[in-house]
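Here the structure comes first, spelled out in structure tokens, and everything after it is commentary.
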Amino acid sequence: MVKRLLSANTSEVLAMTGAELKQSIKASEGRVIVSENVVVHEAFDGLTTSELAAAFGADLILLNAFDVFDPIVLGLYPGENTLEQAKVRHDGQIIHRLQNLVGRPLGVNLEPVDPQAAMAEDRLEIPAGRQASAATLKEAEKLGFNFIVLTGNPGTGVTNKQIAANIQVAKNNFNGLVIAGKMHGAGVDEAVVSVGAVQDFLQAGADVILVPAVGTVPGFNDKQLTQIVELAHQAGALVMSTIGTSQEGSGPSYIENIAIRNKICGVDMQHIGDAAWGIQSPFENIYPLSKALRGERHTIQRMARSINR
């Protein structure tokens, strides 16, 4: 058995396998926070956005817009605070360096783009290093990521069918935790989430089902989320609710409401997105999410616990 993530030290967390991380999250009983950060926006006073998110209480850090073939994280190396200054790092150490700074498990978004998707808006083309494939999943493994998220950014043309197809590819090429699902439409004319899609994800072997948080995507309600949570838990999977609709900047009262509503529905992890400032949630909004989910005691200890433990 492993220690619950809620109370684990950095040395314990970063030594966990994908299966152990999953059990550690499960043991935390709905009190785990994931912060999503865009890695290619200008660094804040020479710090990575991941360091700031960790300081405000995030348990896991999800990197967005990270190209596994041409890796860049602004603020990670001295003097590399803008894209003009940054250097692509091919030495295999970039993720280990960031893990050493933040002391948190790191994940990456890889997008299962469907070229045949019926689009509801203009398609946004993204480089191959951000798309889900056997090659990018193998590279994520080599770089040392602790988890991957198969999902879609706005307008990229990611479909639930393509997500399901890539889950098995991920399980064959990546040893960490595999999280799968859509936070919003990703530009595609289809339901963001459905029981049928979740069943496909579970059958393909997803460790964690990603769903939009109740209160973010129109029409997705508490009853539907509870049904999906029960389905996932019966299959031995976990569920992560996500705020990926720019509402991560809607203020503490909204964040607190989302936290409690989705916890009541039974989710195991709660994600807060990167769109409020275009880089990640306003840092002060991670704090009310944390306090609502786990109280002041655990909020403060997560913020204060040294990464050298």
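One-based numbering along the sequence shown. Small disclaimer: the values here were computed from a predicted structure and weren't measured.
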Worksheet item: Of all residues at least two apart in sequence or in a different chain, which pass the salt bridge (charged side-chain N to carboxylate O under 4.0 Å, His left out) check with Glu139?
Response: Lys142
Fill in: Distance-only donor-acceptor check, side chains Asn172 and Gln168, under 3.5 Å
yes
Item to complete: Please determine, by modelled atom types, if Gln162 and Thr159 share a side-chain donor-acceptor pair under 3.5 angstrom.
Response: no
Discussion item. For the residue pair Ser306 / Arg309, report whether a side-chain donor-acceptor contact shorter than 3.5 Å exists.
Written reply: no
Practice prompt. Could you give me the CA-CA distance, side-chain angles and deciding distance for Leu150 and Ile179, then say whether side chain to side chain contact (heavy atoms under 4.5 Å, CB included) is met?
Written response: CA-CA 6 Å; Leu150 299 173; Ile179 303 174; over 6 Å; no
Discussion item. Distance check, rounded to the nearest 0.5 Å: Leu202 atom CG versus Gln234 atom CD?
Written reply: 10.0 Å
Discussion item. Applying ring-ring contact (aromatic ring centres under 6.0 Å, His included) as the test, list every pair that has at least one member in residues 192-238; sequence neighbours left out.
Written reply: none
Worksheet entry | Side chain proximity check, Gln203 to Ile167, heavy atoms < 4.5 angstrom | no
Worksheet item: Can you tell me if Asn175 and Glu141 form a side-chain donor-acceptor pair at under 3.5 Å?
Response: yes
Fill in: Nearest-0.5 Å distance that lies between atom NE2 in His271 and atom CG in Asn262
12.5 Å
Discussion item. Applying side-chain hydrogen bond (donor to acceptor under 3.5 Å, both in side chains) as the test, list every pair that has at least one member in residues 252-261; sequence neighbours left out.
Written reply: Asp222-Arg261, Gln247-Tyr254
Fill in: Hydrophobic cluster of Ile264, others only, ordered by chain and residue number, side-chain cut-off 4.5 Å
Ile260
Worksheet item: Would the number of heavy atoms belonging to other residues, nucleotides or ligands and lying under 6.0 Å from CD of Gln301 be above 12?
Response: yes
Item to complete: With rounding to the nearest 0.5 Å, note down the distance linking CG in Asp207 to CD1 in Ile148.
Response: 9.0 Å
Worksheet item: Less than 4.5 Å apart, any side-chain heavy atom of Tyr287 and any of Met303?
Response: yes
Discussion item. Tell me whether the NZ or CZ atom of Arg89 lies within the 45° cone about the ring axis of Tyr77 and under 6.0 Å from its centre.
Written reply: yes
Item to complete: Go through the structure and list residues passing side chain to side chain donor-acceptor pair (under 3.5 Å) with Thr299, not counting sequence neighbours.
Response: Ser290
Discussion item. Whether Asp200 and Lys161 form a salt bridge (side-chain N of Lys/Arg under 4.0 Å from carboxylate O of Asp/Glu) is what I want to check.
Written reply: no
Worksheet item: Could you go step by step and tell me if Met183 and Leu210 meet the side chain to side chain contact (heavy atoms under 4.5 Å, CB included) rule?
Response: CA-CA 7 Å; Met183 305 180 190; Leu210 183 159; 3.7 Å; yes
Discussion item. Between Lys263 and Arg31, is the side chain to side chain contact (heavy atoms under 4.5 Å, CB included) condition met? List the steps.
Written reply: CA-CA 9 Å; Lys263 187 172 184 179; Arg31 292 176 286 181; 3.7 Å; yes
Worksheet entry | Contact list for residues 55-72, test side-chain hydrogen bond (donor to acceptor under 3.5 Å, both in side chains), sequence neighbours left out | Glu36-Asn64, Asp59-Arg294, Asp59-Arg302, Asn64-Asn109, Asn64-Asn153, Asn64-Asp274
